[in-house]
Structures are given as C-alpha cells and as structure tokens.
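Since the structure comes first, as structure tokens, the remarks are kept for the end.
We name chains A, B, ... by the order of the sequence lines, and we start the count at 1 in each one.
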Amino acid sequence: MEKPTLPKGTRDFGPLQMARREYIFQTIRSVFQLYGFQPIETPAMENLSTLTGKYGEEGDQLLFKVLNSGDFLKDIERISLASIDSKNLAPQVAEKGLRYDLTVPFARYVVMNRHEITFPFKRYQIQPVWRADRPQKGRYREFYQCDADVIGTDSLTCEAEIILMIKAIFRRLGITDYSVKLNHRGILAGLASAMHASGKEGSLFVAIDKLDKIGEVAVRAELTERGFDTKAIDLLFQTLAFKGSNQEKLDMLNKSFADSPGVKDVRAVLQLLHSYGDNEEHVEFDISLARGLTYYTGCIFEVKVHGVAIGSVSGGGRYDNLTAIFDAREKSSGVGISFGVDRIYDVMDALNLFPEKTQATSDVLTCHLDEASSHYAMRVAATLRNHGISAEVYPDQAKLKKQLEYADKKKTRFVVVIGEDEMRSGQLTVKEMKTGTQEKMKLDELIRRISDQN
RNA sequence: GUGAAUGUAGCUCAGUUGGUUAGAGCAUCAGAUUGUGAUUCUGAGGGUCGCGGGUUCGAGUCCCGUCUUUCACCCCA
C-alpha cells in the first residue's frame, strides 16, 4: 500500500494548531461583531461563470475547476476532441469552480438576495478559499480568509472603521510592529494620467507595487521595457520618493496634481480616524501601494507585519462596480477587508506571540486502580462535569504511571487518584500536575477550588 | 505557468572517491518502581534511503524520469 499524502498546498491541523487558529478566528470574529457585522456563508463551489473574469487573466488561471458529474464528455463532439486544447476544453467539461476569494461570492449573494437585505449591509464571512498557485512560504492552495464588507454606502466612515478594526484585531492578537498601508486608486489613476499612461494603468500599478521588493532601479527597468518614457518615469519616482508624514504627502500631492478626489478621500479617512478618538499610529499613506485585484476603485489597504518575511496578512479596498457585473441595475458601492488567517498564524508563530493557554485540554483526569474505583471515578467525573468542569475518566484499567503520563501529555491541570482509601474516606487524592503537589480533599472542596480559578 | 534546490527511522540530521549488516540525538515502547507524570538508569522496537527506470561486479551515493517540500519569478491572504 502506498502511503497516503495530501494534495499539494493543503495541510492537516492538529489539536495544538487548531487551538491557535481558533484563537485567531475568535479574535477576528469578536471584533467584526463589535462593529455590527453579521455572518453569512456561501458554498465552496460557485458556477465558473460567477468567478471567471473577476480577478484578471492571472486570477482565472488560478481557479480550481470542478469536473462535471456523470459523463462529462457526452455533449462534446468527438471529432473536435482531437484538435481542442485544454484551455478551450475546460469550460465545456467544468461548469463549477472552487471560490477564489470571499468578495465575489458576496457580491453574487447581494445581487441574488437584495430584497431581503437591509442596506447598508455589513457582513462578515470566515471560510476557506482555494487558489491553484504554486505553494511556498505563506502561500497555500487552501487557506482561510476572514472578510468584513459594507455594501450599499459610499461613506468614508466605512474605510475609517475598517482601519479601526484592523488596529483592534492586531492589538488583541499582540502584534505591535506593523503598518496599515493606505492608498487610493484615484491617486494612482491621477499619477498615470500625469505620466500620459492612461490605458496602461495595469502594468504601471503592478510595477509600482513591487517597489519595496525589487527597488527603484529594477522598477525603472521594467517600466522602460513596458514602454514608459524616461520623463514620465522621472515624474513617478519624484512623487514616490517624497518622504514625510501622511499630511505632508497629501499636501505635496495637492500641489502637484490639484485636489483630486483620491487625495480628498484619503484626507477625509484620516480625519475620521481622529473623530473616532483614534489616531494615525500604524497608518501609513503609501503612494506606492497598488494591489492587483482589478475590481478596486477607491481606497485600498494592505497590512504588513514588520520583522517577518511574509507577504501581506490582510488586504482590501473599495469597489464601486462589483455588483454591477452580476446585474447592471445594481450599482451599490462596497468596501471591505480580508484577513489571511494562515499568514497571521505564521507571523504569530515566528514572533512567538501565541499565549500558552491556547492549548485546549481538560481540567481533571480521574485515575483509578481497579474495577471498583473506576466506577467511583466515573461518578466523580460526572459530578465535576455537572459543575462545568471538564473531566475525563481514564478509559482502561492501567497502571497509575500510564494514567499520569496521559494527563501529563494532555497538559491536564489536575489528577484525582482514586483507590480503596479514597473510596472509604471520601478524601480524594488531588495532584496538581504543574507543581507536582498533592493533597487530600473532599470532592466539594476540589470543585470549589477549580471553579474559583476558572 | 517559468526557473532552481531538496528528499535517509515518528522528528532533526550524519553517512568520505560508488564497497561488508545504513548510524546518532530526540521521540516511542518495556523494565528498574504491583498507588505517582514531567527528572534518572537499563533495554527493545522502528528503514522499500520519496517513487520508477538506467549505468555498474556492486548504488543511500552517479544518470534520466516522476512526485513532494522549499526558494525565486508571476501573482497574492
């Protein structure tokens, strides 16, 4: 028999990892709820027609397609099979695909359920997504996203609240050294038009986005190769090279490009932050932030944790036309943020930020020495459970040594040893595993002590 | 999708120019200790050297293919 393996880029999660993942999920979920977002879920599979064309050419290639059920070649002319290539065959044999993100299914959901939705609609969604990417560090083929989106309002308070949520989540997770990068597609568009590059925004944005990774020289080379003239490139770097506070950058842009809507929006978002009693700590207006996803139209965000070599752990932005793709009459503006749990996990692991208590376990193991005491142990465990204390009975007749080893490995807090003496006197032998101290006490006393600590 | 590296016990890794029966630490199991874990001592089990083919008298070692993982590109959480 061959050893079983996992599909490339997928992973199992053991109890320790799950405890830590749950900790992240809970933290994010509680903050989302604190800001009035409501949960929804959508299917793992969508119709391919829903997914294709929403993420750019590259994105389409990364979609996992699901082979049609039954005889999927039935309706294809056999003659054409000989000449057809896989690119043209795919849409004929696969009409479903695994979701690539949570935003597009959400837009689909909004269009399909608009009569039941109260706008502005604030939803959050925590589910896995799949991308047929080549895996590497911090990049998986199956990973969880935690999205919060507001749809049906173009108020910039949403942008401000998104930043507040990011800060709240990272504060609760204990991540302190990070920055929320903020930019606006309108500013990038203004830059593009100043460079006389309208129509070539795509390649321009992609090149700009790489600036902090490959450096100015390489970006210049790439832009030259893509047909931008030196004068335009100089103008670009003159703008990007500007160092200063968020305000100073905005003022600089104002002088160079007049008061564009993008600049106004960013200024307003930053001001709103102060209206909420918060500040611009961790928030960095970054003109070089571009982001690839094609559907963004307004503010865009990205979160980078410093000191860890991993991509962005969170990203999002405003999209004005996403629902219109599914229904032309539907023109609701939306804005959202997505947290990548798997990358946040990697970051926290690398920075050693997981609290010790995330290991889930039981409070008490009742150990027994023979048949009679095992029944007594069951009653003890049942009583403890009735008081909300998690308790286990060691299932087999085994040496005490073995039972204690089990408790040790599971990091059980207390062990109750039950033998003839304990049954006769009702004085249970209670051992605290961490300290190794042991004392005799009645069950009531044990319940009181643990309840006090919990 | 393009280019490169990697794979030896459950884990981390040794293994010389191709040469006898592939090793270590940790982990596991058993005993020392028939009512006491995490510390100590003794012993034991555990391998298709990723998989398939080739070269050779002989391959963990060299060659080809393939899969996995990792890295860079592309893109992204």
Side-chain angles (χ1 to χ4, degrees), chain A residues 1-11 14 24 28 55-63 86-87 100-103 126-147 202-203 205-207 209-210 213-214 218 222 290-294 296 301-305 309-317 336-347 365 367-370 373 394 397-423 428-438 440:
Chain A
M1 263 249 290
E2 253 178 65
K3 279 185 196 167
T5 57
L6 283 173
K8 187 190 292 216
T10 65
R11 301 149 304 149
I24 299 172
I28 293 173
Y55 310 106
E57 261 177 67
E58 298 286 342
D60 286 354
Q61 288 174 3
L62 299 180
L63 289 173
S86 49
K87 197 173 178 184
Y100 178 93
D101 71 357
L102 300 177
T103 308
I126 299 179
Q127 290 190 274
V129 304
W130 294 268
R131 294 182 188 177
D133 214 342
R134 190 171 290 199
Q136 42 180 287
K137 194 177 214 76
R139 173 175 303 190
Y140 308 100
R141 289 186 144 185
E142 177 183 63
F143 61 95
Y144 270 75
Q145 290 194 326
C146 305
D147 275 36
S203 50
F205 295 169
V206 168
D209 206 34
K210 283 189 256 181
K213 204 169 170 185
I214 62 176
E222 183 167 336
R291 291 190 62 72
L293 285 173
T294 49
Y296 293 123
F301 319 97
E302 194 161 284
V303 182
K304 279 235 159 126
V305 178
I310 206 157
S312 63
V313 295
S314 180
I337 185 75
S338 178
F339 293 86
V341 170
D342 305 79
R343 283 187 176 176
I344 292 175
Y345 183 103
D346 290 343
V347 163
L365 175 73
C367 302
H368 43 84
L369 303 167
D370 51 34
S373 56
Y394 195 82
Q397 296 290 332
K399 287 184 184 174
L400 186 54
K401 177 184 166 75
K402 186 146 190 167
Q403 301 186 45
L404 284 167
E405 277 174 359
Y406 175 82
D408 183 43
K409 274 170 200 155
K410 278 194 81 172
K411 299 267 184 285
T412 308
R413 291 167 62 202
F414 295 97
V415 153
V416 174
V417 181
I418 296 162
E420 274 182 38
D421 294 351
E422 286 81 2
M423 285 194 282
L428 305 178
T429 300
V430 175
K431 177 165 185 165
E432 186 175 1
M433 294 300 281
K434 200 171 170 185
T435 57
T437 56
Q438 186 166 312
K440 294 218 163 192

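Side-chain atoms of A/Lys409 stay outside donor-acceptor range of the base of B/G37, with no qualifying N/O pair under 3.5 Å. Residue side chain A/Gln438 reaches the base of B/U36 through a donor-acceptor N/O pair under 3.5 Å, judged by distance alone.
B/G52 is paired with B/C64 under the criterion used here, namely a Watson-Crick or G-U wobble arrangement in which both key atom distances are under 3.5 Å. Within the shown strands, B/G10 is the pairing partner of B/C26 under the Watson-Crick or G-U definition, both distances less than 3.5 Å.
When the P atom of B/A77 is taken as reference, atom OH of A/Tyr55 falls 11 Å away, rounded to whole Å. Taking atom NZ of residue A/Lys402 and atom C1' of nucleotide B/A38, one finds them 17 Å apart after rounding to whole Å. Atom CZ in A/Arg139 sits roughly 10 Å away from atom P in B/C75 (whole-Å rounding). Distance A/Gln136 CD to B/U6 P: 18 Å, rounded to the nearest Å. Taking atom CD on A/Gln61 and atom P on B/U2, their separation rounds to 11 Å, with Å as the unit. The distance between atom CD of A/Glu432 and atom P of B/U36, rounded to the nearest whole Å, is 20 Å. The distance from atom CZ of A/Arg141 to atom C1' of B/A77 is 16 Å, rounded to the nearest whole Å.
Among the heavy atoms of the strands, none lies under 4.0 Å from A/Asp342. A/Gly316 comes within contact range of no nucleotide atom at all, as no heavy-atom separation falls under 4.0 Å.
B/G54 and B/G58 are spaced 15 Å apart, taking the C1' atom of each and rounding to whole Å.
Counting all heavy atoms, side chain and backbone alike, A/Met423 lies closest to A/Ile418 at CG-CG2, 3.9 Å.
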